[in-house]
Amino acid sequence: MLEIKYIRQNISQVRDAMNRRGDAANIDTFEEIDNEYRKILNEIEQLRHRRNVVSDEIATMKANKENADPLISEMREVASRIKALEAGLSGYEEKIQEILFSLPNIPHESVPFGKDENDNPVVRSVGTPVSFDFEVLPHWTIGENLGILDFERAAKITGARFPLYFGAGARLERALISFMIDLHVNIHGYTETLPPFIVNSRSMTFTGQLPKFAEDLFKLEGRDYYLIPTAEVPVTNIHQQEILDESLLPIYYVAYTPCFRSEAGSYGKDTRGLIRQHQFNKVELVKFTIPEASYQELESLLKNAEAVLKLLELPYRTVLLCTGDMGFASAKTYDIEVWMPAQNRYREISSCSNFESFQARRGGIRFKRKGEKGTQLVHTLNGSGLAVGRTVAAILENGQQADGSVVIPEALRPYMGGLQKIEKLKA
RNA sequence: GGAGAGAUGGCCGAGUCGGCUGAAGGCGCUCGCCUGCUAAGCGAGUGUGGGGGGAAACUUCCACCGAGGGUUCGAAUCCCUCUCUCUCCGCCA
C-alpha cells in the first residue's frame, strides 16, 4: 500500500508509475473520491468541535445548577447531523481503502520498463548446461521410472497437481530442505523459524495477497483462515503491529513451509511434473531492514539464494523483472531461473523482492531510531531460497544418466546418508 | 467442549455514581544541569493517524484506551456483538 499523503501530493508521479505497470484506472477515481471525502470530513470535524465545546459548557452549567436544556436540545440536533454525515462518509472511506489496497507498489527507478517476461533483462548466467549424449527425459518420467514419484496415486488421494514421493525421492525433498536451511542459518546468518501454515485474512492483507488475489488462495470453509501460498505471509507478519528497536535490524529469517496455491487460471500450463503444484515445499528468506539499506540487502538476499544453486551445481541465470512483470507488492524483483534440460529452457526457481515500505505500511511494522522521535516504516524483503519441488525437478533432469539413474550433487550427499546416485527401487 | 479473569500510551500500571483524563504514577528513552570516576541526583521533554496554518521550529482542530455497534448533549468509563489472551476442568497429537 502506498501512503495516502504521498499519493495526494504526487498524484502525477503515481499515475505515471501505474501506467508503467500497465494500469492507472484507479488513480483517476481516487482523486475525485478523495476530494469529496475530505470535504465531508471537514464539515464533520467542525461539528464535532462544536459538540466538544458545548458539552463542556453543559458540564459546567450543570455543576453550577444552571439550566442547560436549550443547549442540550441544540446538541441533540448537532449529534444527529453528525451521525448523518458520518453515514455518508463511511462509503467514501471504504472506497478509498479499496483503491489504496488495489494499487500496486511503485517500481524502483532501477527497474526497466517492459510489458511482460520477454522484456526482463538477464543479469547473469552461471554454470553451463550439460549436453547429453542420450535422449533427455523430463523429470516426471525419470521420477516415475525410478519409482520415487507417483502422480497417479497422488491424484487418487487428492486430485491433479499434488505430489507423492517415495524412497529416495522423499528423502531428496527432505534433504534439500535441511540443506537449504542449514546453509542460510550457518553461513548466511538467518534465524530459523517454523511459522503457522494457516493464517487469517488480516495477515494475507498485510502482505498483499488480499483483497486482490483471493482466487489464488485456498480458504478454509467457514473460517477466516487461509492456507499459506508462501512462507512470506506468516514470516513477514511475525512483526505486524510492532515497533522494532533499530538495534535489532536487519532481521533475517529463514523458514521452511509447504505452500498452497489454487493456480486459478493456469489450467493447461505445466500439467505434468513438479513445476506447478497445488502443494509444494519452499524454503523462504525474509528480511526486515532500515530503508536506506534495503537495496543492498536485496542484492545479498539474491546472492544467498543463488548460493544454493551454485552448491548444487545447477546451471541458472538471474533476470531482473521489468515493470510489467513484477508482482503486485514489489518495488523490485529478481527471478532466478534454473536450467531444465528436458524443456531446453530456464524455469523460475526463486523470486527475490524488495517491497520497500509497501507491506510494512499495511502491517504496521515500524522501527524507532535512537535519538529521533517518532517511528518509521521498515522495509521488507523476501526471496525463495529455494522452491524445493522445482529443485528436485532440476536435480533429476540435470543429473540424469543414460541408465536412468540420477547423480546426487555432492553437497547434498551428507543429507542423503552418503547416497551418490538414485537408482531404480527393487520392485 | 465446560467454568472463570482480563484486554489502557515503548513497557508496567491507575482510572465504576459517564463530564477540565489523551489519559495519574512508575520504568524506559531524549536533551540540559550537577557530579572527577562505570552509580546517583536535579530540570524539561517524550504516543499514533488525519485535516488546516507556517519556509521552518511550531501551531490549531478531529479521531484513537482490543475490534465493531448502541445509549447519551457528552463514554476509556454504561449496554450488545465479536476477536484475542490468561487460569482451572475435560479431551487430544
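Only this structure's heavy atoms are used, side chains among them; waters, hydrogens and symmetry mates stay out. Letters A, B, ... are given to chains in the order of the sequence lines, protein chains preceding strands, and every chain is numbered from 1.
Between A:R51 and B:A63, a side-chain N or O to OP1/OP2 separation shorter than 4.0 Å is present. For B:C61, the OP1/OP2 oxygens have no side-chain nitrogen or oxygen of A:H49 closer than 4.0 Å. Residue A:R202 places no side-chain N or O under 4.0 Å from the OP1 or OP2 atom of B:A67. For B:C73, one of the phosphate oxygens OP1 or OP2 lies less than 4.0 angstrom from a side-chain nitrogen or oxygen of A:R76. An OP1 or OP2 oxygen of B:U71 is reached within less than 4.0 angstrom by a side-chain nitrogen or oxygen of A:K83. Using a 4.0 Å cut-off, some side-chain N or O of A:R8 falls inside it from OP1 or OP2 of B:G51. Contact annotation: A:N52 does not reach the phosphate of B:C61 (side-chain N/O to OP1 or OP2, under 4.0 Å).
For the pair A:E31 and A:R15, the salt-bridge criterion is met [side-chain N within less than 4.0 Å of a carboxylate O]. A salt bridge links A:R276 with A:E263; the closest basic N to acidic carboxylate O contact falls under 4.0 Å.
The separation of B:A40 from B:C27, taken at their P atoms, amounts to 11 Å, rounded to a whole angstrom. The same atom, P, is picked in B:G45 and in B:U60; the two are 15 Å apart, to the nearest Å. When the C1' atom is used for both B:G15 and B:A24, the distance is 8 Å, rounded to whole Å. Nucleotides B:A23 and B:C61 have their P atoms positioned 13 Å apart, rounded to a whole Å. Taking the P atom of each, B:U30 and B:C73 are spaced 49 Å apart, rounded to whole Å. Going from the P atom of B:C65 to that of B:G70 covers 15 Å, rounded to whole Å. The C1' atoms of B:A63 and B:A76 are separated by 14 Å, rounded to the nearest whole Å. When the C1' atom is used for both B:U77 and B:G4, the distance is 23 Å, rounded to whole Å.
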| message | side-chain contact (heavy atoms from CB on, under 4.5 Å) for A:L274 and A:F280? Distances and angles first, verdict last. | response | CA-CA 8 Å; A:L274 292 168; A:F280 62 96; over 6 Å; no

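The nearest whole Å value for the distance from the NE2 atom in A:H239 to the C1' atom in B:G10 is 16 Å. Whole-Å rounding puts the A:K39 NZ to B:G50 C1' distance at 19 Å. With rounding to whole Å, A:K62 atom NZ is found 14 Å from B:C17 atom C1'. With rounding to whole Å, A:N200 atom CG is found 15 Å from B:U85 atom C1'. Computed from coordinates, the A:E43 CD to B:G50 P distance equals 22 Å when rounded to whole Å. Distance, A:R50 CZ to B:C73 P: 16 Å, rounded to whole Å. Distance A:Q241 CD to B:G49 P: 12 Å, rounded to the nearest Å. Rounded to whole Å, atom P of B:G51 lies 16 Å from atom CD of A:E36.
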Show me the donor-acceptor pairs within less than 3.5 Å that the side chains of residues 76-84 of chain A make with the rest of the protein, sequence neighbours left out.
{"from": "A:S80", "atom 1": "OG", "to": "A:E77", "atom 2": "O", "distance (Å)": "3.0"}
{"from": "A:R81", "atom 1": "NH2", "to": "A:E43", "atom 2": "OE2", "distance (Å)": "2.8"}

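Ring centers of A:F358 and A:F328: under 6.0 Å apart, within the cut-off. In this structure, the ring of A:H108 has its center less than 6.0 angstrom from the ring center of A:Y295.
B:U71 is unpaired under the Watson-Crick or G-U wobble criterion, no partner having all donor-acceptor distances under 3.5 Å. Searching all strands for a Watson-Crick or G-U wobble partner of B:G6 with both distances below 3.5 Å returns B:C84. Figure legend. B:C11 is base-paired to B:G26; pairs are counted as Watson-Crick or G-U wobble with both atom distances under 3.5 Å. With a 3.5 Å ceiling on both atom-pair distances, the Watson-Crick or G-U wobble partner of B:C64 is B:G47. B:C42: Watson-Crick or G-U partner is B:G32, with both key distances under 3.5 Å. B:G1 and B:C89 make up a base pair, with Watson-Crick or G-U wobble contacts both under 3.5 Å.
Where A:I243 and A:Y37 each meet RNA chain B at their nearest nucleotide, the meeting point lying more 5' is that of A:I243. Each of A:Y225 and A:M75 lies near RNA chain B, and the nucleotide nearest A:M75 is the one positioned closer to the 5' end.
Ring geometry for A:Y253 versus A:H239: interplanar angle under 30°, hence parallel rather than tilted (30 to 60°). Note: A:Y190 and A:Y252 have tilted aromatic rings, judged against thresholds of 30 and 60 degrees for the angle between ring planes.
Nearest nucleotide to the side chain of A:I58, out of B:C62, B:G19, B:G52: B:G19.
The residue A:K5 sits close only to the backbone: its heavy atoms come under 4.0 Å of sugar-phosphate atoms, none of a base. Using a 4.0 Å heavy-atom distance criterion, A:D56 is classed as making no nucleic acid contact.
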